[in-house]
Student: 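Quick one: structure below, then a few questions.
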Amino acid sequence: MIRFIGTTIALLILSTVGFAQVPTSGNIFLGYSYNRANFAGDSVNLSGWTGALEGKVAPFLGIVADLSGEYGSGVSQHNVLFGPRVSTSIGRIRPFAHLLIGVSHISGGGDSDTSFGDAIGGGIDYKLIKVIGWRFQGDLLQTRFFGDTQNDFRFSTGVVFHF
């Protein structure tokens with residue numbers, strides 16, 4: 001009986017420690033995305049949507065899931081990227097930098113390819129009111145479609161909801 005009570009107490013303590021690791025703050029970003037992409041040797045302008053979810057694991061460190069889709073001139077590209085983001089708040093401004101990795105897919109003109117993708121970049125969140133801000137973000141998006149390496153510029157802007 002004493003062993004059962006001791007095990008139960010230990011499990012309760014360990015479960016609270018484990019629960020403390022779950023992010024309790026972060027943000028959701030929804031907005032517009034512009035991508036200057038290389039497709040079949042040509043540069044194409046793609047416009048579309050982007051969204052990201054960040055969970056804070058420390059006051060200055062978060063884990064990000066970033067999704068985007070850009071379209072134009074018969075070409076579409078989708079990206080699903082994950083990784084760490086560092087940030088700090090300075091008054092109403094929160095600059096950040098991130099390194100994201102994942103998968104990218106492009107299609108157009110009857111051709112399509114899926115490849116490893118990564119984004120190195122950052123930006124600034126400007127706090128409009130307590131829980132709502134506006135984000136400006138720029139990334140160097142690298143993909144490897146059709147056996148070649150593409151280094152594209154991606155710009156995103158939109159609303160950020162802080163929780």
Student: Among all residues two or more places apart in sequence or in another chain, which pass the side-chain contact (heavy atoms from CB on, under 4.5 Å) test with V86?
Tutor: L61, A97

Student: Under 3.5 Å, is there a donor-acceptor pair linking the side chains of Y32 and S47?
Tutor: yes

Student: For T157 and W134, does a side-chain donor sit closer than 3.5 Å to a side-chain acceptor?
Tutor: yes

Student: Which residues pass the side chain to side chain donor-acceptor pair (under 3.5 Å) test with S89, sequence neighbours left out?
Tutor: none

Student: Same cluster for V80 and Y71 if Ile/Leu/Val/Met/Phe/Trp/Tyr side chains link at under 4.5 Å?
Tutor: yes

Student: Quick one: list whatever passes side-chain contact (heavy atoms from CB on, under 4.5 Å) with N151, sequence neighbours left out.
Tutor: L140, Q142, T149

Student: What pairs of residues pass the salt bridge (Lys or Arg N to Asp or Glu O under 4.0 Å) test when at least one of them lies in residues 69-87, not counting sequence neighbours?
Tutor: E54-R85

Student: Does the S156 side chain pair with the main chain of T50, one donor and one acceptor, at a distance under 3.5 Å?
Tutor: no

Student: Are V64 and F60 connected, step by step, through hydrophobic side chains (Ile, Leu, Val, Met, Phe, Trp, Tyr) whose heavy atoms are closer than 4.5 Å?
Tutor: no

Student: Quick one: list whatever passes side-chain contact (heavy atoms from CB on, under 4.5 Å) with D148, sequence neighbours left out.
Tutor: Q150

Student: Who pairs with S112 by side chain to side chain donor-acceptor pair (under 3.5 Å), at least two apart in sequence or on another chain?
Tutor: none

Student: If you define the side chain from C-beta out and look only at heavy atoms, does anything of Q77 sit under 4.5 Å from V75?
Tutor: no

Student: With sequence neighbours excluded, tell me which residues meet ring pair (Phe, Tyr, Trp, His ring centres under 6.0 Å) with H162.
Tutor: none

Student: Just verifying a value: how many Å separate T88 OG1 and I93 CD1, rounded to the nearest 0.5 Å?
Tutor: 12.0 Å

Student: When the side chains of residues 117-128 are checked against the rest of the protein, which donor-acceptor pairs come out under 3.5 Å, sequence neighbours left out?
Tutor:
from: D118; atom 1: OD2; to: R144; atom 2: NH1; distance (Å): 3.4
from: D118; atom 1: OD2; to: R144; atom 2: NH2; distance (Å): 3.4
from: D125; atom 1: OD1; to: R135; atom 2: NE; distance (Å): 2.7
from: D125; atom 1: OD2; to: R94; atom 2: NE; distance (Å): 3.4
from: D125; atom 1: OD2; to: R94; atom 2: NH2; distance (Å): 2.7
from: D125; atom 1: OD2; to: R135; atom 2: NH2; distance (Å): 3.0
from: Y126; atom 1: OH; to: R92; atom 2: NE; distance (Å): 3.4

Student: Please lay out, stage by stage, how I28 and V160 fare under the test side chain to side chain contact (heavy atoms under 4.5 Å, CB included).
Tutor: CA-CA 6 Å; I28 296 172; V160 182; over 6 Å; no

Student: Would a hydrophobic clustering, with Ile, Leu, Val, Met, Phe, Trp and Tyr connected at side-chain separations under 4.5 Å, put F146 with L46?
Tutor: yes

Student: Name all residues meeting the ring pair (Phe, Tyr, Trp, His ring centres under 6.0 Å) criterion together with F96; count only those two or more places apart in sequence or in a different chain, and write none if there are none.
Tutor: H98

Student: Please find the pair of heavy atoms, one from F161 and one from I132, that lie closest to each other, and give the distance.
Tutor: CD2-CG1, 4.0 Å

Student: For the residue pair N35 and L141, establish whether any side-chain heavy-atom pair is separated by less than 4.5 Å.
Tutor: yes

Student: Hydrophobic cluster membership, with links at side-chain heavy-atom distances under 4.5 Å among I/L/V/M/F/W/Y: are F82 and V103 in one?
Tutor: yes

Student: Using side-chain contact (heavy atoms from CB on, under 4.5 Å) as the criterion, list what pairs up with S73, not counting sequence neighbours.
Tutor: none

Student: Going by salt bridge (Lys or Arg N to Asp or Glu O under 4.0 Å), name the pairs with one or both residues in residues 102-114, residues two or more places apart or in two chains.
Tutor: none

Student: Does any non-hydrogen side-chain atom of I106 lie less than 4.5 Å from one of T143?
Tutor: no

Student: Please identify each residue that fulfils salt bridge (Lys or Arg N to Asp or Glu O under 4.0 Å) with R154, with sequence neighbours left out.
Tutor: D66, D139

Student: Could you go through L81 and I101, starting from their C-alpha distance and side-chain angles, then the distance that decides it, and tell me whether this counts as side chain to side chain contact (heavy atoms under 4.5 Å, CB included)?
Tutor: CA-CA 5 Å; L81 307 169; I101 58 172; 5.8 Å; no

Student: Any idea how W49 and H78 line up, ring-wise: parallel (<30°), tilted (30 to 60°), or perpendicular (>60°)?
Tutor: tilted

Student: Hey, are S104 and S115 close enough side-chain-wise for a donor-acceptor pair under 3.5 Å?
Tutor: no

